[in-house]
Amino acid sequence: MRYAETGYNLEVDLTRGNIEVVQTDPRDTELYLGGLGTNAKIIWDRVPPEVEPFSPDNLLIFSAGLLCGTPATGCNRTIVTSISPQTRLFAYSMMGGFWAPELKYAGYDKVILRGKSPNLVYLWINNDKVEIRDASHLKGKGAVETQDLIRQELNEPKAQVAAIGLAGENRVYFASIEQGRSSCSRQGLGAVMGDKNVKAIAVRGTRDINIARPAEMIGLINEVLEYIKWRNENPIPNYMPILAGLGSPQEMKHDDEKWHTENFSWGNARERRRGFWNEEIAKDWKETMATMQRRTISCYNCPMRCGATISPPGKSTYMMKCFSKLTYTMAAYLDLEFGLGIAQSATEYGVDGYSCPQVMAFALELLEAGILTDNDFPGMPSDNEGRFYWLLDRIVRREGIGDILANGTYWAAQKIGNGAEEFAHNNIKKHEQLPLKLGKLDPIYYLMYCTNEKITITQIEGNFPQAPFMTREEREAFVSNWIQVPNERIKQVVLEWEPRGEKSAPYFPTPDMCCEIVDWMERMHYIDDALGMCAGLSAFPLKPPYHIHNYPKIISAASGIEMDEEVLTQATKRYRNLVRANNIIRGMRRKDEVPPEDHWKKRFPELEKELLDKYYKFKGWNNDGVPTKETLHDLGLDYVAEEFEKRGIYSETPSYEILAEKEKEV
Amino acid sequence: MGKKIVKTIKVDADKCNGCRACEVICAAFHATPKYSSVNPARSRIQVVRDPIKDIFLPVYAGELAAAECMGRNIYILDGREYEECAFCRASCPSRDLFKEPDSGLPLKCDMCEDDPPQKEPLCVQWCLEEALIYEEREEEVEEEVNLSDMETGLQSLADKYGLQNLVDTIVRMAQKD
């Protein structure tokens, strides 16, 4: 018997309309755990780097995490994996909600889509019964609307439906996949789904998920619940409210937005508005939230209420997850009422709430700069609110200028030319980042921005405090019950870390310490992404209930895989390198691992070089960011090293040497 | 007259966040061996959930209803529209709620009977939102009277067709004679 996982994947060939149930190899679970790990293996094995994102040979994998469907609190995430049309790299985006556990209860760990359907279809997975059904009547329907229509059509109120909107159908590069109160937003996986002509996947299951050591498992999860209760009663003192507790940032719970509005850039990631927040705005925004928000809600088997149902006046209700609360507001320099309203349209269209508002602000900036002209925006209203709605409509329909903007700021700037590239200034690996621009270099964030392959920085932020505590007493209090920290050295860093002076950023924590801290945070995210655990109860917040010391016991009790911290760390390292290998083979190198030029006003080129050199070495990668043969061998990934060898990746002149040569020439 | 402890779970639907943790722990607890599997379809508590209409309603399983009821009324409470079935705790022929998914056998909440006893049913313990509140009260109860065979038969007819229908039919039959 298989424990925690079902042991079966569903393989769907959309071109031929063929559906197969395939038994998986339990050894793969031991090596790569599941979720992201096994997805990375499948992409490596089956999608060679020559395959274009919009090729029928590209796969789109919907995977439940290893612990989804078990009693593990907060474990509900679907990990969707493919090749991104925007970055042209290995893409993985995740959503909470209810879909992944339902898939497990239907008897499958993954749904692997290949080929392209000739007509718009949706998949209906109901235990043994799996059908490809016509979706022509759903063409153009909203992503939220579609979920309801399908449930009605199937007469299955308990079916969970993941769907795309118009943006996905039209292959907008930042199209999302929406489901319940969650969405896979980053890297345009909705566009790949649209390209395959799949409008939605509906699933309902009534089968068992088995637990290897039941009494032990339930004991461990009861401890997790107890700790959550304790943490809810004990927020971190002297920390901004949205980050002091557990869960993903508690945007729906708190309405004091001083920190976000004054520290994140507005418009096209240009301008920080110090002193923006005042009493009047606080009152106004509080009122908006109170009138539009109906209820704060949760994902499957999770007590945190990170999402909310929002009913903007005159529009249908939708579900909102954390930071899209502010992205439209800040891009358009408008108020929260506008932000919550346009997010309703954007959710129905199915677009990424980080990229989309920035793309719209970018277009308006090009207009102001004269790079685009009024002729590019025929019929656009003159007021700000109207302009953003107008742009959103053009983008998701790919009409006129919208067709160019639909590819995101990087590709749009390339196409528009005439200096537009300068305005696409907030990208890493061709992808829009959160518009957080800071004064002075933060060495930990520098490494995370450079080397994070999930593309979104917030997705690898973690258990280490974002800023030093002001006083020694606060620091001592913080570390006194810090059970999550992997070793005493990291505790010591927090104790010594000061806001100003010798022991402050950017030279403290030192590059060596930064390597260890970033590696720890990344490791936690990689574990979550294989298990399907929400980072909001693990890798993201301070002092979470799941950590490196209890995870091995929980995984082991649920799945029966023998595990300790070392085995877990090694497995994580294995598929982390496999994710990287999928990108290296697609051409990613050190030259791509740079944050936006203006990300920090004051830069430290030598320190930045040292940080990256040291981190690469720490990770067992060569100076161009390629995992070395030795590293791959130690992880049992010789097949990757062989492929690198075959493709001449090791014999290339490293890009940093080419750059050095060029500098000399100048 | 005798006394007995009546165990109930009070549901405060306004506090429900729709997470279904109650279903998870109920299904796990009632697995054999205990906690060895999870399958919310086997849970004796189910959350009726329609987030867009703001319906989040945990319902725990009551007695089996061997027959369908007559009513299919719609209720509007606090602006939300509910079908009559949403409130019903019975496993009945017209729906798959509160039935073992494999056998179709009815499920009934047993307040997590356990040895030693649980301090409260597990769904209540796992609901950190306090949408489920456990209550015990002592009630005076009539000594149970054993029904005769004929009464049992009539009772099931009454359950199926409603007592008034049954009475009307008997009266009509009597008049025919």
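The figures that follow rest on heavy atoms only: side chains count, while hydrogens, waters and symmetry mates do not. Below, chains carry the letters A, B, ... as their sequence lines are ordered, and counting in each starts from 1. Everything numeric in this text was worked out from a predicted model, so none of it was measured.
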Taking [options] one by one, which has the highest count of heavy-atom pairs under 4.5 Å against chain B?
{"options": "A:R295, A:M319, A:R294", "result": "A:R295"}
{"options": "A:V144, A:I209, A:N127", "result": "A:I209"}
{"options": "A:D148, A:N301, A:I221", "result": "A:N301"}
{"options": "A:T206, A:D208, A:I297", "result": "A:D208"}
{"options": "A:R181, A:M217, A:K158, A:R213", "result": "A:K158"}

Measuring heavy-atom distances to chain A, does [X] have an atom under 4.5 Å in its side chain, in its backbone, in both, or in neither?
{"X": "B:L128", "value": "side chain"}
{"X": "B:P51", "value": "both"}
{"X": "B:L122", "value": "neither"}

Which region of A:Y318, side chain (C-beta onward) or backbone (N, CA, C, O), has a non-hydrogen atom less than 4.5 Å from a non-hydrogen atom of chain B, or is it both or neither?
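Contact with chain B is through the backbone of A:Y318 alone.
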Residues, nucleotides or ligands: over 12 heavy atoms within 6.0 Å of A:K315 NZ
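Correct, the count exceeds 12.
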Whether over 12 other heavy atoms sit under 6.0 Å from B:E130 CD:
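Atom CD in B:E130 is not packed in, count stays at 12 or less.
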Derivation of the salt bridge (charged side-chain N to carboxylate O under 4.0 Å, His left out) call for B:K7 and B:D110
CA-CA 9 Å; B:K7 299 175 175 180; B:D110 59 1; over 6 Å; no
Does B:R44 make a cation-pi contact with B:Y60 (under 6.0 Å, within 45 degrees of the axis)?
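So B:R44 doesn't make the cation-pi contact.
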Check the orientation of A:Y300 and A:Y105. Use parallel for under 30°, tilted for 30 to 60°, and perpendicular for over 60°.
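Correct class here is perpendicular.
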Please identify, among [options], the residue contributing the most non-hydrogen atom pairs under 4.5 Å to chain A.
{"options": "B:G18, B:A31, B:P40", "result": "B:P40"}
{"options": "B:D54, B:V48, B:D96, B:D102", "result": "B:D54"}
{"options": "B:S37, B:C22, B:A21", "result": "B:S37"}

Do the charged groups of A:K321 and A:E178 touch, with an N to O distance under 4.0 Å?
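Salt bridge: yes.
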Is any NZ, NE, NH1 or NH2 atom of the basic residue among B:E100 and B:R42 found under 4.0 Å from an Asp or Glu carboxylate oxygen of the other?
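Yes, charged N to carboxylate O under 4.0 Å.
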